[in-house]
2 protein chains.
Amino acid sequence: MTKKITAGLEDYIEAISNKINQYGKVRPIDLSKELNVSRASVSEALKRLSELGYINYGRYGIISITDLGKKAAESVIERHTLLHYFLQNILWLDENEASDNACKIEHVISYNLLKNLKKFVEYNKKNPEFSLKFKDTLKNQ
Amino acid sequence: MTKKITAGLEDYIEAISNKINQYGKVRPIDLSKELNVSRASVSEALKRLSELGYINYGRYGIISITDLGKKAAESVIERHTLLHYFLQNILWLDENEASDNACKIEHVISYNLLKNLKKFVEYNKKNPEFSLKFKDTLKNQ
DNA sequence: TAAACATGTTAGGTCTTACTAACATTTTGT
DNA sequence: ACAAAATGTTAGTAAGACCTAACATGTTTA
């Protein structure tokens, strides 16, 4: 199991990983915009993540993720993706609301909840009638 | 919609309400044990809740909940109960894990997530085959 | 290339939440 | 009733997360 990290730092490592995957790099300013925090806060978070061994970073240097950071990022992103799918395709929340809620819930769920939710989503994909009928009942209200 | 309150204070107001419902009263020491925090932390939290108008409380006085506090407590407890049910009877987590996860998720979900989850749980109660079959697939692994 | 602008860092605050240790008050037990 | 134990509060400290303002460095462009 990956070492513990605060919800706040999980948000940073998640955003860093996503930006690097999308654009090949991230700058502090991108994180500032993405996470709606000041450049100063980003600077502090990067320093902390770097001290904890999740990223490589130095004064004015480029940001890269370590293996430890990659594991952490994959773990958060897995939780996020799964929750987002569940919220959007089973509870039928709209895109934005699914995303917002996933961003918060992803930091607090246990491993077994993740495991069972994963199986639930799989089972639902194989047997989609239930959630589709549920969707219909939502409309007629 | 009830005014915003931090996750921490929500835990306190929830515990206060539960204890009063169970025993007719609460003392700081009960909250300290229930929430696994120091007596000092409870003291501070009670002061804050009282300043915010959620409880009536003064030095060495008895603790009672205001109408505002009752609304807040009902709101958290509703979320908790619903999540607990979902986690225990649809995702099939055991009692303790359902409870622990509900305690954390209850603080971060949106109103629409609550609303749809409520409907989902209702729908599931009327059509329980899906979750029962899902339960079987969990066993055979 | 040098000024203007964008971006990054640091310094110094604030707020919330928690802690321990010390002190105050209340309750219990003899 | 009074000492001992339990409970409640206050003071002082710390960590996390955020902020603004000032300063440092990099980049763009006239």
Side-chain angles (χ1 to χ4, degrees), chain A residues 2-16 19-20 22-65 69 72 76 100 103-108, chain B residues 3-16 19-20 22-65 69 72 76 100 103-104 106-108:
Chain A
T2 316
K3 216 187 294 178
K4 257 184 206 164
I5 194 180
T6 64
L9 290 189
E10 264 191 357
D11 281 332
Y12 282 100
I13 198 82
E14 185 182 11
I16 290 168
K19 289 290 174 190
I20 289 182
Q22 268 185 66
Y23 306 112
K25 59 171 185 169
V26 228
R27 293 165 307 164
I29 188 87
D30 305 320
L31 298 170
S32 168
K33 283 169 187 163
E34 178 72 23
L35 300 171
N36 294 307
V37 292
S38 69
R39 300 194 313 274
S41 298
V42 173
S43 220
E44 289 162 19
L46 293 178
K47 203 193 292 172
R48 192 131 25 90
L49 281 174
S50 147
E51 282 162 6
L52 292 171
Y54 286 80
I55 62 172
N56 298 119
Y57 188 55
R59 210 181 148 96
Y60 293 99
I62 65 170
I63 299 166
S64 67
I65 308 191
V76 199
D100 290 349
C103 275
K104 296 189 183 143
I105 302 175
E106 71 192 19
H107 302 298
V108 302
Chain B
K3 213 187 293 176
K4 258 184 209 164
I5 195 180
T6 64
L9 289 189
E10 264 191 357
D11 281 332
Y12 282 101
I13 198 81
E14 185 182 11
I16 290 167
K19 290 289 174 191
I20 289 181
Q22 269 185 68
Y23 307 111
K25 61 171 184 167
V26 227
R27 294 165 306 164
I29 188 87
D30 305 319
L31 298 170
S32 169
K33 283 168 188 163
E34 178 72 23
L35 300 171
N36 295 307
V37 292
S38 69
R39 301 194 312 271
S41 299
V42 173
S43 219
E44 289 161 18
L46 293 177
K47 203 193 294 174
R48 192 130 23 89
L49 280 173
S50 149
E51 284 163 5
L52 292 170
Y54 287 79
I55 63 173
N56 299 120
Y57 189 56
R59 209 182 149 96
Y60 293 98
I62 64 170
I63 299 165
S64 66
I65 307 191
V76 200
D100 290 350
C103 274
K104 296 191 183 143
E106 71 192 18
H107 302 300
V108 303

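Below, read A as the first sequence line, B as the second, and so on, with proteins coming before strands; counting in each chain starts at 1.
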(request) Calculate the interatomic distance between B:Lys4 atom NZ and C:dT16 atom P; express it in whole Å. (result) 14 Å
(request) For C:dT16, take OP1 and OP2 only and decide whether either is under 4.0 Å from a side-chain N or O of B:Thr6. (result) no
(message) From the set C:dG8, D:dA21, D:dA11, return the single nucleotide nearest to any side-chain atom of B:Glu44.
(response) D:dA11
(message) If I take atom CD1 in residue B:Ile29 and atom P in nucleotide D:dT9, what distance separates them, rounded to the nearest angstrom?
(response) 11 Å
(request) Can you figure out which of D:dC19, C:dG8, D:dA17 approaches the side chain of A:Ser38 most closely? (result) D:dC19
(message) Please compare A:Gly8 and A:Ala40 by the position of their nearest nucleotide in DNA chain D and report the one closer to 5'.
(response) A:Gly8
(request) Evaluate the side-chain proximity of B:Arg39 to B:Ser32: yes if any heavy-atom separation is below 4.5 Å, no if none is. (result) yes
(message) Looking at C:dG8, I'd like to know if its phosphate oxygens (OP1 or OP2) sit under 4.0 Å from a side-chain N or O belonging to A:Ser43.
(response) no
(request) Measure the distance from CD1 on A:Ile13 to P on D:dA17 and round it to the nearest whole Å. (result) 13 Å
(message) Can you measure A:Asn36 atom CG to D:dA17 atom P for me and round it to whole angstrom units?
(response) 17 Å
(message) For B:Pro28 versus B:Ile63, what's the shortest heavy-atom pair and its separation?
(response) CD-CD1, 4.0 Å
(request) Output yes when at least one side-chain N/O atom of B:Arg27 is less than 4.0 Å from OP1 or OP2 of C:dT26, else no. (result) no
(request) Ignoring backbone atoms, establish whether B:Ser41 has a side-chain N or O less than 4.0 Å from OP1 or OP2 of C:dA18. (result) no
(request) In whole angstrom, give the distance that lies between atom CG of B:Leu9 and atom P of C:dA18. (result) 8 Å
(request) Could you check which of D:dG8, C:dA21, C:dT9 has an atom nearest any side-chain atom of A:Tyr60? (result) C:dT9
(request) Figure out the CZ/P separation between B:Arg39 and C:dT27, and round it to whole Å. (result) 15 Å
(request) State whether B:Tyr12 places a side-chain N or O below 4.0 Å from either non-bridging phosphate oxygen (OP1 or OP2) of C:dA18. (result) yes
(request) Would you please confirm or rule out a distance under 4.0 Å between OP1 or OP2 of D:dT25 and any side-chain N or O of A:Arg59? (result) yes
(request) Heavy atoms only: give me the nearest B:Ser50-B:Tyr57 pair and the separation to one decimal. (result) OG-O, 3.7 Å
(request) Mind calculating the distance between NZ (B:Lys47) and C1' (C:dA18) to the nearest angstrom? (result) 14 Å
(message) If you compare every side-chain N and O of A:Tyr57 against the phosphate oxygens of C:dT9 (OP1, OP2), does one of them come in below 4.0 Å?
(response) yes
(request) Name the nucleic acid region contacted by A:Asp30, choosing base, sugar-phosphate or nothing; use a 4.0 angstrom heavy-atom cut-off, strictly under. (result) nothing
(message) Strictly below 4.0 Å, N to O, side chains only: are A:Asp30 and A:Lys33 in salt-bridge contact?
(response) no
(message) Using whole Å, what does the distance between atom C1' of nucleotide D:dA6 and atom NZ of B:Lys33 come to?
(response) 9 Å
(message) Could you measure the distance from the CG atom of B:Leu49 to the CD1 atom of B:Ile13? Nearest 0.5 Å is fine.
(response) 5.0 Å
